[in-house]
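Each chain gets a letter, A, B and so on, in the order its sequence line appears, and its residues count up from 1. In this text, all values refer to a predicted model and were calculated from it rather than measured experimentally.
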2 protein chains.
Amino acid sequence: MLPSENIKDFLDQGPEYLPSVSVDCVIFGFHEQQLKVLLLEFKKTKAHALPGGFVFKNESTAEAAKRILWERTGVKDIYLEQFYTFGEPNRGNWDVHKATMASHGFDLTKEHWLLQRFITVGYYALVDFSKVKPTPDIFSDVGDWYDVHDTPPLILDHNHIVAKALETLQLTIDHKLVGFNLLSETFTMNELQSLYETVLDKKLLRANFQRKMLNLGILERVKKKFTGKAHKPPFVYRFNAEALDKQNS
Amino acid sequence: MLPSENIKDFLDQGPEYLPSVSVDCVIFGFHEQQLKVLLLEFKKTKAHALPGGFVFKNESTAEAAKRILWERTGVKDIYLEQFYTFGEPNRGNWDVHKATMASHGFDLTKEHWLLQRFITVGYYALVDFSKVKPTPDIFSDVGDWYDVHDTPPLILDHNHIVAKALETLQLTIDHKLVGFNLLSETFTMNELQSLYETVLDKKLLRANFQRKMLNLGILERVKKKFTGKAHKPPFVYRFNAEALDKQNS
DNA sequence: AGCATACGTGTAAATTTTGCACAAAAAAAA
DNA sequence: TTTTTTTTGTGCAAAATTTACACGTATGCT
């Protein structure tokens with residue numbers, strides 16, 4: 001199927017969506033000491049945007065977010081949390097959408113459903129960077145990771161949405177054990193610490209951090225890691241889900 | 001104007017609202033050692049509900065919430081905070097609306113805008129109980145305060161919404177200084193403490209509570225209170241807004 | 001076998017929180 | 001005016017937590 005046919009299909013799908021409501025996902029990943037966000041780049045217009053989409057009439061906003069997440073990352077069972085709903089009537093310039101569509105040969109009228117006002121429900125997702133293959137959608141040709149502190153200008157109020165998501169994550173990570181979702185299934189204490197340092201943007205004392213984490217009783221020691229380095233290899237930990245559930249409930 | 005004409009006006013207003021989006025307000029007040037919520041009781045059907053409404057096409061959800069708040073309480077400049085958006089496709093039984101309208105002589109078809117699916121954005125408000133005169137809307141004949149732990153069954157998912165609002169308030173009050181909004185402009189340390197004890201649902205040590213509050217540097221001592229009792233009257237405090245702004249920023 | 005490395009734990013100092021006690025204050029009563 | 005009564009406001013020590021640093025130890029390489 002040609003790209004423009006996909007887009008026609010999408011535009012025809014308008015009536016199946018719940019009007020006025022969209023969902024945007026701030027997908028966080030952790031890589032090389034940086035907290036990353038997954039962004040899409042539109043074809044031709046080269047504008048950047050958060051992965052987002054619309055909500056089917058019999059679908060919850062959370063399900064819509066999960067669907068979008070799956071389409072963009074190929075990962076299911078993602079840690080997902082709603083953080084804010086952006087309900088301003090003027091969330092920015094919708095010309096981008098018009099231009100994007102025009103660049104594909106669709107000239108939308110002012111009344112077209114895609115150019116109406118949308119409230120967007122923001123979800124942030126924490127994913128294992130190594131498991132994710134950023135997948136562009138039909139409007140974008142690339143999905144790529146950006147340092148959350150060094151994002152390009154985004155369409156609409158998406159920069160604001162990213163900022164709010166980061167703020168929420170920083171407030172959350174300290175008293176709710178969500179950080180593990182950003183690491184692979186097993187990890188060293190060092191990796192965990194540098195994740196926390198990156199998210200909170202401050203140095204932590206190794207010794208105390210380790211004690212605190214171990215005392216939570218949610219880390220399971222797996223095995224030694226073979227590093228090939230001339231020193232003692234670190235333990236590798238796995239995060240114990242049952243214990244976490246108790247704490248978060 | 002007769003009630004049913006008001007209702008007709010309301011029903012005709014459908015096209016002016018943003019489709020699929022509503023706003024519900026959990027209005028908290030503090031009275032007689034109880035945390036209260038303002039609830040409406042529908043005429044005839046006697047069902048209870050949160051004050052809520054719809055969003056005009058050029059209005060933000062926050063503005064809509066403020067408007068509803070003003071209509072129900074007669075108070076402006078209310079402390080208002082968005083806490084969650086309820087985006088399930090099945091948020092409960094919409095028969096109540098149909099029945100309510102039927103009781104006013106309007107037989108709504110299944111396709112009527114009022115009976116469609118709505119996402120609702122939840123806001124909680126903190127108001128000075130003594131300043132508020134609960135005002136019913138056109139569907140309800142009474143607005144009344146209920147102990148948040150002793151509410152009647154509410155329509156749709158409104159009980160759930162109240163629970164979530166309370167949860168948010170409890171998490172917030174400890175590290176964000178929002179409690180003052182629930183008291184009158186001046187208050188004694190005792191009143192402030194019993195507010196905290198009620199919201200957090202636990203006893204606090206008077207001496208330490210007082211120290212903590214005073215050390216925040218946001219309380220301004222006003223004057224002695226004449227109680228008519230045979231003992232030392234307490235100081236009366238006023239909450240100093242500028243100092244708070246610094247802390248919350 | 002010994003060394004370099006950085007991991008894991010022990011411990012003391014500093015700070016904050018908790019619990020309780022008591023004096024000061026002010027209105028009413030004598 | 002003096003005493004009585006009650007509750008406020010502050011002081012202080014014990015307990016708990018956080019912070020900072022030091023040291024012993026396991027491991028792979030030389």
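By the side chain to side chain contact (heavy atoms under 4.5 Å, CB included) test, A/F129 is found to be paired with A/H31, A/K36, A/W145, residues two or more places apart in sequence or in another chain being considered. Residues passing the side-chain hydrogen bond (donor to acceptor under 3.5 Å, both in side chains) test with A/D144: none are found, sequence neighbours excluded. Residues passing the side-chain hydrogen bond (donor to acceptor under 3.5 Å, both in side chains) test with A/N90: none are found, sequence neighbours excluded. Applying the side chain to side chain contact (heavy atoms under 4.5 Å, CB included) test to B/K46 and every residue at least two apart in sequence or in another chain returns B/E41, B/D141. Evaluation of the salt bridge (charged side-chain N to carboxylate O under 4.0 Å, His left out) rule for B/E63 yields no partner, not counting sequence neighbours. In this structure, the side chain to side chain contact (heavy atoms under 4.5 Å, CB included) partners of B/N159, at least two apart in sequence or on a different chain, are B/T151, B/L154. Checked against ring-ring contact (aromatic ring centres under 6.0 Å, His included), A/Y196 has the following partners two or more places apart in sequence or in another chain: A/F209. By the side-chain hydrogen bond (donor to acceptor under 3.5 Å, both in side chains) test, B/N181 pairs with no residue at all, sequence neighbours left out.
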Taking N or O atoms only and anything under 3.5 Å, show me the protein contacts with nucleotides 14-18 of chain D, one pair per line.
none

Tabulate atom names and distances for all N/O pairs under 3.5 angstrom spanning the protein and nucleotides 11-16 of chain C.
from: C/dT11; atom 1: O4; to: A/R211; atom 2: NH2; distance (Å): 3.3

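As rounded to whole Å, 15 Å separates atom P of D/dT8 from atom CG of B/L219. Atoms OH (B/Y237) and P (D/dT8) sit 10 Å apart, rounded to a whole Å. Remark: C1' of C/dT17 and NZ of B/K202 are 12 Å apart, rounded to the nearest angstrom. Distance A/F209 CZ to C/dC7 C1': 15 Å, rounded to the nearest Å. A straight line from CG of A/L204 to C1' of C/dG8 spans 17 Å, rounded to a whole angstrom. Between B/L192 atom CG and D/dT8 atom P there is a gap of 13 Å when expressed in whole angstrom units. Following rounding to the nearest Å, A/F235 (CZ) and C/dT9 (C1') show an atom-to-atom distance of 12 Å.
Of the listed nucleotides (C/dG19, C/dC7, D/dG11), C/dC7 has the atom at the smallest distance from the side chain of A/R206. When each of D/dA20, C/dG8, C/dC20 is scored by its nearest atom to the side-chain atoms of A/L205, the top-ranked nucleotide is D/dA20.
Contact check, B/Q210 against D/dT8: no side-chain N or O comes under 4.0 Å of OP1 or OP2. Within the structure, every side-chain polar atom (N or O) of A/N190 is placed at least 4.0 Å from both OP1 and OP2 of C/dA6.
Look at A/K66 and A/E71 and you find no salt bridge, because none of the NZ, NE, NH1 or NH2 atoms lies under 4.0 Å from a carboxylate O.
Using a 30° and 60° split on the angle between ring planes, A/F180 and A/F239 fall in the parallel class, below 30°.
Within the structure, salt bridge (Lys or Arg N to Asp or Glu O under 4.0 Å) contacts touching residues 147-175 of chain B (residues at least two apart or in different chains) are B/R91-B/D157.
Annotation: the terminal axes of the helix from C/dA1-D/dT30 to C/dA30-D/dT1 meet at 10°, where each axis is the rotation carrying the C1' atoms of four end pairs onto the next four (5 pairs per end, rounded to 10°).
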